[in-house]
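Predicted, not measured: the structure shown is a model, and the values here were computed from it.
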Amino acid sequence: MTWTISAKRLLRATLAESLTTTGLLSVLQSRAARHPTILYYHRVANELPAPDLGLTVTADNFNAQMQWLASHYDVRPLGNLLDDWAAGIVRTSPQVAVTFDDGYRDNYDVAFPILARHKIPATIFLTTAYIGSSTLLWWDRVAKLLARARQERLTSVTTGQRVPSKVRDAVDIFLQRGTKNAVQATLDELKRLGRDARFQTIDAIAEWVGDSSTEATDRVFMTWDEAREMSRAGIDMGSHTQTHPILTELTEPDIDAELRHSKQMIEQETGQAVTLLSYPDGCFSDCVRRIAEEIGYSYAVQTRRDLAVGPNDRYAIPRIKIEESHSLGLNGRFSGSAYAFEVSNLPNLLLLRDARQANPYRSALARRSDSTD
Ligand SMILES: [Zn+2]
């Protein structure tokens with residue numbers, strides 16, 4: 001409903017504005033001097049894709065964000081920031097680290113020159129099996145299929161029982177409305193299915209659309225040469241596994257292989273030690289954490305923005321996801337206070353967004369363990 005969206009945006013903008021006028025921003029920033037504030041991005045592109053999965057920030061907006069960050073925060077390499085935090089070292093200035101997941105090509109083409117312009121260090125978590133390739137990760141494949149279905153004016157999924165009804169309903173809503181929420185709902189329903197059913201369903205959707213390709217026409221991921229060039233320029237490379245599986249859906253030997261081989265490969269290709277891990281989709285378990293530690297990772301980051309991180313949580317470090325809309329004011333242009341609002345983690349403190357929102361992958365696992373009990 002349009003009214004709800006406007007009311008929400010107005011509330012956010014008002015709160016964001018009051019951050020600077022009330023001095024609350026400096027209070028929150030002094031908090032950021034004690035806790036690691038870590039932002040995460042996926043893609044930076046000249047335009048938002050259609051459909052928009054909420055993973056892309058436009059180049060102009062990203063440039064304004066980095067400019068703002070450089071003048072309000074001490075932007076530090078993630079490893080250094082975490083070493084200080086683990087050692088209990090408190091800096092006087094607010095600290096932040098910038099990270100990227102997946103290793104998309106646009107991190108080099110678009111984000112890297114902007115980071116260099118503002119002298120911002122960053123960490124990119126690479127999915128090593130896809131470096132230099134045109135592979136479509138499953139959500140990108142779904143986005144491509146949905147775009148094609150809308151282009152061809154398909155109005156409803158017609159594959160009978162091969163697409164579970166909740167996924168079919170979500171896709172149908174997307175076909176009618178084309179909204180970001182509808183795409184998100186489709187992806188969430190697919191996540192809830194569990195690994196095998198998820199991929200079978202995507203194949204069934206592909207058959208319905210008439211597009212069986214799992215590759216994009218252009219290269220999707222950065223090359224090792226690009227990763228090396230960035231690494232030499234102060235951008236650290238961490239591991240995001242080899243093939244981006246949901247680690248909690250794997251057996252122990254498979255978890256071990258994903259974490260170990262990706263680390264070895266990045267070290268071999270860049271000549272730099274890899275101590276940082278980002279769990280794909282933020283999914284981890286006690287077993288995953290233990291293996292990460294055994295293999296020699298010093299820290300692992302997740303995708304939730306919970307505040308409560310104690311010194312023992314080196315393998316569950318929270319991060320704040322930044323989306324395009326997070327730094328836009330009511331006029332649709334960059335707003336420093338809107339961005340400050342996100343970076344300060346105020347939406348979480350005010351419980352505007354449910355930070356403990358159920359991870360859809362977890363509900364699939366919970367159902368599976370229920371049924372085997
Ligand atoms: Zn990822």
Side-chain angles (χ1 to χ4, degrees), residues 16 19-20 25-26 28-33 35-48 55-85 91-126 222 225-238 270 272 276 278 301 305 319-329 331-346:
L19 252 188
T20 22
L25 181 62
S26 55
L28 288 164
Q29 284 184 335
S30 68
R31 196 201 135 264
H35 295 261
T37 298
I38 305 161
L39 310 181
Y40 78 102
Y41 294 84
H42 296 88
R43 315 191 66 155
V44 181
N46 292 325
E47 284 176 18
L48 288 181
L55 299 177
T56 304
V57 173
T58 54
D60 287 347
N61 195 8
F62 184 71
N63 183 55
Q65 290 180 1
M66 293 303 109
Q67 190 170 17
W68 186 91
L69 217 52
S71 58
H72 290 82
Y73 278 76
D74 192 0
V75 191
R76 305 198 42 212
L78 178 61
N80 295 3
L81 182 76
L82 292 174
D83 283 345
D84 273 6
W85 162 75
R91 305 267 170 186
T92 48
S93 55
Q95 314 276 304
V96 72
V98 173
T99 69
F100 294 81
D101 277 1
D102 302 328
Y104 283 107
R105 170 189 184 166
D106 56 45
N107 293 183
Y108 174 81
D109 289 344
V110 189
F112 179 45
I114 297 171
L115 293 168
R117 186 178 310 147
H118 301 290
K119 299 188 172 53
I120 300 235
T123 298
I124 301 178
F125 291 102
L126 301 174
M222 69 177 70
D225 277 341
E226 291 167 348
R228 272 189 287 271
E229 186 186 331
M230 287 193 279
S231 177
R232 282 195 298 270
I235 308 287
D236 295 322
M237 300 295 152
T270 64
Q272 305 282 333
L276 303 167
S278 163
V301 294
R305 50 160 74 205
R319 291 185 297 170
I320 297 170
K321 184 184 180 196
I322 301 293
E323 296 188 23
E324 175 73 358
S325 63
H326 290 172
S327 60
L328 299 181
N331 59 5
R333 301 171 69 99
F334 176 79
S335 150
S337 38
Y339 189 53
F341 184 63
E342 289 299 327
V343 176
S344 68
N345 209 15
L346 198 59

> Taking Asp106 for the side chain and Val44 for the main chain, is one N or O donor matched with an acceptor at less than 3.5 Å?
Replying inline: yes
> For the residue pair Gly103 and Leu126, what are the closest heavy atoms and their distance?
Replying inline: CA-CD2, 3.9 Å
> Which residues pass the side-chain contact (heavy atoms from CB on, under 4.5 Å) test with Asp225, sequence neighbours left out?
Replying inline: Thr223, Arg228
>> What I want to check is whether the side chains of Glu324 and Thr58 have a donor and an acceptor closer together than 3.5 Å.
In response: yes
> Which value, rounded to the nearest 0.5 Å, describes the distance between Asp236 atom CG and Asn80 atom CG?
Replying inline: 8.0 Å
> Does atom CG of Asp60 have more than 12 heavy-atom neighbours from other groups under 6.0 Å away?
Replying inline: no
>> Apply side-chain contact (heavy atoms from CB on, under 4.5 Å) to residues Asn46 and Val110 and explain how you reach the verdict.
In response: CA-CA 8 Å; Asn46 292 325; Val110 189; 4.3 Å; yes
>> On a heavy-atom basis, which atom in Val98 and which in Pro121 lie closest, and how many Å separate them?
In response: CB-O, 4.1 Å
> Under 3.5 Å, side chain of Asp102 to main-chain N/O of Tyr104, donor-acceptor pair present?
Replying inline: no
> Do the rings of Trp68 and Tyr339 sit parallel, tilted or perpendicular, given the 30° and 60° boundaries?
Replying inline: perpendicular
> Between Arg91 and Asp74, is there a side-chain N and carboxylate O pair less than 4.0 Å apart?
Replying inline: no
>> Using 0.5 Å steps for rounding, measure from the OG atom of Ser325 to the CD atom of Glu342.
In response: 7.5 Å
> Taking only residues two or more places apart in sequence or in another chain, which ones pass side-chain contact (heavy atoms from CB on, under 4.5 Å) with Thr99?
Replying inline: Ile38, Tyr40, Leu78, Thr123, Phe125, Arg319
> If you look at every heavy atom in Ala45 and Thr56, which pair is closest and at what distance?
Replying inline: CB-CG2, 3.8 Å
> Should Glu229 and Ser231 be marked as a side chain to side chain donor-acceptor pair (under 3.5 Å) after you check the CA-CA gap, both sets of side-chain angles, and the distance that decides it?
Replying inline: CA-CA 5 Å; Glu229 186 186 331; Ser231 177; over 6 Å; no
> From Tyr108 OH over to Met222 CE, what is the distance, rounded to the nearest 0.5 angstrom?
Replying inline: 10.0 Å
> Which is it for Arg76 and Asp84 under the side-chain contact (heavy atoms from CB on, under 4.5 Å) test, yes or no, and what are the steps along the way?
Replying inline: CA-CA 11 Å; Arg76 305 198 42 212; Asp84 273 6; 2.7 Å; yes
>> Using 0.5 Å steps for rounding, measure from the CG atom of Asn107 to the CD1 atom of Ile235.
In response: 9.5 Å
>> Once rounded to the nearest 0.5 Å, what's the spacing between atom CG of Asn61 and atom CG of Leu328?
In response: 5.0 Å
> Please walk me through it: do Ile322 and Ser327 pass side-chain contact (heavy atoms from CB on, under 4.5 Å)?
Replying inline: CA-CA 8 Å; Ile322 301 293; Ser327 60; 5.8 Å; no
> Are Leu115 and Met230 close enough that some pair of their side-chain heavy atoms sits under 4.5 Å apart?
Replying inline: no
> What orientation do Tyr41 and Phe62 show, parallel under 30°, tilted 30 to 60°, or perpendicular over 60°?
Replying inline: perpendicular
> Has the side chain of His326 got a donor or acceptor atom that lies under 3.5 Å from a matching backbone atom of Lys321?
Replying inline: yes
>> Within this structure, what is the CE-OG1 distance for the pair Met237 and Thr270, rounded to the nearest 0.5 Å?
In response: 8.0 Å
>> Around atom CZ of Arg333, are there more than 12 heavy atoms from other residues, nucleotides or ligands closer than 6.0 Å?
In response: no
